[in-house]
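Chain A is the first sequence line, chain B the second, and so forth, proteins listed ahead of strands; every chain is numbered from 1.
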Amino acid sequence: MLSKSKHLDAFLRFGPQRTWNMCVQVVHKRFCSMNESPELPNWVKYPLDGSSVVDSVDDFVLPTTVNYVSTKKVQDCKISMPSKITDNDVEEISTILKSLYTSPEEVVKALDHCYVVVSESMVEKVLKRFSNDWIPAFGFFRWYQMQSTYKHSANLYDSVVDILGKTKMFDIMWELVVEMFQLGGLISLTTMSKIMRRLARGGKYVDAIVAFREMERFGLSKDIVAMNVLLDSLCKERGVEYALDAFLEFKNEMPPNSHTFNVLIHGCCKARQLNKAQWALEEMERCGIHPCVISYTSLIEAYCREKDFRKVDAILDEMQSKGCPPNVVTYTIVMHSLGKAKETYEALGIYERMKRNGCVPDTSFYNSLIYILSKAGRIKDANNIYEDMSKNGCMPDVTTYNTMISAACDHSQVENALKLLQEMEETLCKPDLKTYAPLLKLCCQKKWMRILFFLLDDMFKKDISIEIGTYCLLVNGLCKSGNLGQACLFFEEMVLKGLLPWSNTYSRLVKELERKEMETEKEKIRQLMEQAKSMQQPC
DNA sequence: TGAAGTTTAA
């Protein structure tokens, strides 16, 4: 592993990308020289002979009591790797795309001499991997289009539209949509939904409405399904007012259905506009549509947020009397809110009430129960519920694992956390960003740099794209534990990826650099922040 | 990811 000063030196001399690659290479070399080839499952790379892997930098010794993968499994992996060639090709393309480019054209040029067999599924994989980096993603897509085997695929176009929208490159996104239109038959409701959702997320509410209004110009019919997508996008992205306006504009053109009203009621409730939610509920009844369990549950959620549990009880009773009894979602919301309000006893009472009413808990319900129990410090009870749920026919999902891992990390139980991560692999439950976040945080806190890099590399291989929150978590965590060199590296990498660091992350890093009198680095970070700000697209 | 619920935070 590179030492701290070497990191910093590399950071100042080569910039982040090369330094990052160097780090990853060093980690790779270590693991590869220990045991098997790099394509094998990650856990295999730990020594299987019972010896410990000790690193001079880390003070953490990887647990050897956990038998991660049996030797038999290792052999199985070597034999059955049907997609091995494709995987290698994905890796090869990824390595090229990981360099820094200033334009998609540059990416196309870089890929010019790349002779790999490309298939649509492989392109999908690469696009997913780079879904937070529009330049490599779009450049790669353009390069793929130039290959002789290329055939237009609506799916791939949709993916690229989504990436461009996600990274707020709306002008380029529209150019691509026009291209899709000209090629014919490529624009669908899926495309339009992505456009409307991404515009709304970027705060461009009016543009989202215009996109819907003009749908027919792209050869699609405006229907209630599309309108519900529009209203939902606006509501979910803090644009309830726009949603209500759009509803009034289009309601005569397209008769609303119960989805429409539930979207609006939920949106108003989330925006804490209870009077407007009430209006939507009445409007629903005026249209001859009865409020359903979803409508009531949205209201209950709103009162839960206000901690008005008396009102919640009243609505629960009203639901029963109107023959629209609460379901597992309703109970989850009430129990979770009581738990968060530190009323654990009452929360568990809801669990009893639900059982009494013959409502069966599901995985999400158990997840919530595990969460409130661990937050209340009742780890043992949480573990018991975790053991029980599969017996009751509810398989743990990614949220179950994330909650359990987070609880384990909160109590510095790394071995348990890693054991759970391993269990996910065995049960084919795909981890996500939230799985790794508490682990990364703990690594920063404890200065386990080797494991930190191992986990980051593992994430990349599992197509878990690191985003702004993760970078800030890393920078903050490393500031806290005093590894400023590495914190600077991550900061730079984040900026060069076009992300705008959170202002408190920036201030914290600057403050720490000041305290340690690292003036050169401080100046560099200041310039990077300026660069990041100037790179942002005005909304 | 999409009509409601469960992880998470500077």
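Ranking B:dA4, B:dT6, B:dT1 by closeness to the A:R201 side chain, first place goes to B:dT1. Considering only the side chain of A:K270, B:dG5 comes nearest among B:dT6, B:dG5, B:dA3. Nearest to the side chain of A:E301, among B:dT7, B:dA4, B:dG2, sits B:dA4. Listed nucleotides: B:dT7, B:dA3, B:dG5. Nearest to the side chain of A:V263: B:dA3. Among the nucleotides B:dA9, B:dA4, B:dT7, the one closest to the side chain of A:T403 is B:dT7. Closest to the side chain of A:N402, from the set B:dA4, B:dA9, B:dT7, is B:dT7. Side-chain proximity of A:R198 to the nucleotides B:dG5, B:dA10, B:dT1 is greatest for B:dT1. Taking only side-chain atoms of A:S368, from C-beta outward, the nucleotide of B:dA4, B:dT6, B:dT1 with the closest atom is B:dT6.
Going from atom CG of A:L440 over to atom C1' of B:dA9 covers 13 Å, rounded to whole Å. What separates CG of A:L189 from P of B:dG2 is a distance of 12 Å, to the nearest Å. Atom CZ of A:R508 and atom P of B:dA9 are 15 Å apart (whole Å). With rounding to whole Å, A:D397 atom CG is found 13 Å from B:dT6 atom P. Rounded to whole angstrom, the span from the CD1 atom of A:I372 across to the C1' atom of B:dG5 amounts to 13 Å. For the pair A:K480 NZ and B:dA10 P, the computed distance is 8 Å after rounding to whole Å. If you take OH of A:Y401 and C1' of B:dT7, they are 15 Å apart, rounded to a whole angstrom. Residue A:M284 contributes atom CE, which lies 13 Å from atom P of B:dA4 at whole-angstrom precision.
Checking the phosphate oxygens (OP1, OP2) of B:dT1, no side-chain nitrogen or oxygen of A:K166 falls inside 4.0 Å. OP1 or OP2 of B:dA4 lies within a sub-4.0 Å distance of a side-chain N or O belonging to A:K236. Between A:H259 and B:dA4 there is no side-chain N or O to OP1 or OP2 distance below 4.0 Å.
A:D232 pairs with exactly one of A:H266, A:H259, A:R197 by the side-chain hydrogen bond (donor to acceptor under 3.5 Å, both in side chains) rule, that one being A:R197. For the salt bridge (charged side-chain N to carboxylate O under 4.0 Å, His left out) criterion with A:D317, the lone passing option out of A:K311, A:R353, A:K322 is A:R353.
Within the 4.0 angstrom heavy-atom criterion, base atoms lie near A:F365. A:T399 comes within contact range of at least one nucleobase, with a heavy-atom separation under 4.0 Å. At a threshold of 4.0 angstrom between heavy atoms, the contacts of A:V229 with the nucleic acid are absent.
Distance alone, capped at 3.5 Å, places no donor-acceptor pair between the A:N357 side chain and the A:C359 backbone. Listed for the A:S233 side chain is no donor-acceptor partner under 3.5 Å among the backbone atoms of A:A200.
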Checklist entry - Does the salt bridge (charged side-chain N to carboxylate O under 4.0 Å, His left out) test come out yes or no for A:K524 and A:E521, once each step is laid out? => result CA-CA 5 Å; A:K524 181 149 185 155; A:E521 293 79 4; over 6 Å; no

Checklist entry - After noting the C-alpha distance and the side-chain angles of A:M395 and A:S390, does the key distance pass the side-chain contact (heavy atoms from CB on, under 4.5 Å) rule? => result CA-CA 5 Å; A:M395 292 321 286; A:S390 32; 4.0 Å; yes

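On a pure distance criterion of 3.5 Å, a polar donor-acceptor pair joins the side chain of A:S364 and the base of B:dT6. Judged by distance alone, with hydrogens and angles left aside, A:N257 brings no side-chain donor or acceptor close enough to the base of B:dA3 to form a pair under 3.5 Å. At a cut-off of 3.5 angstrom, counting only N and O atoms as typed in the model, there is a donor on one side and an acceptor on the other between the side-chain of A:D362 and the base of B:dG5.
Distance CG/A:L440 to SG/A:C409: 9.0 Å, rounded to 0.5 Å.
Comparing B:dA3 with B:dT7, their C1' atoms sit 22 Å apart, to the nearest whole Å. With C1' as the reference atom, B:dT6 and B:dA10 are 22 Å apart, rounded to whole Å.
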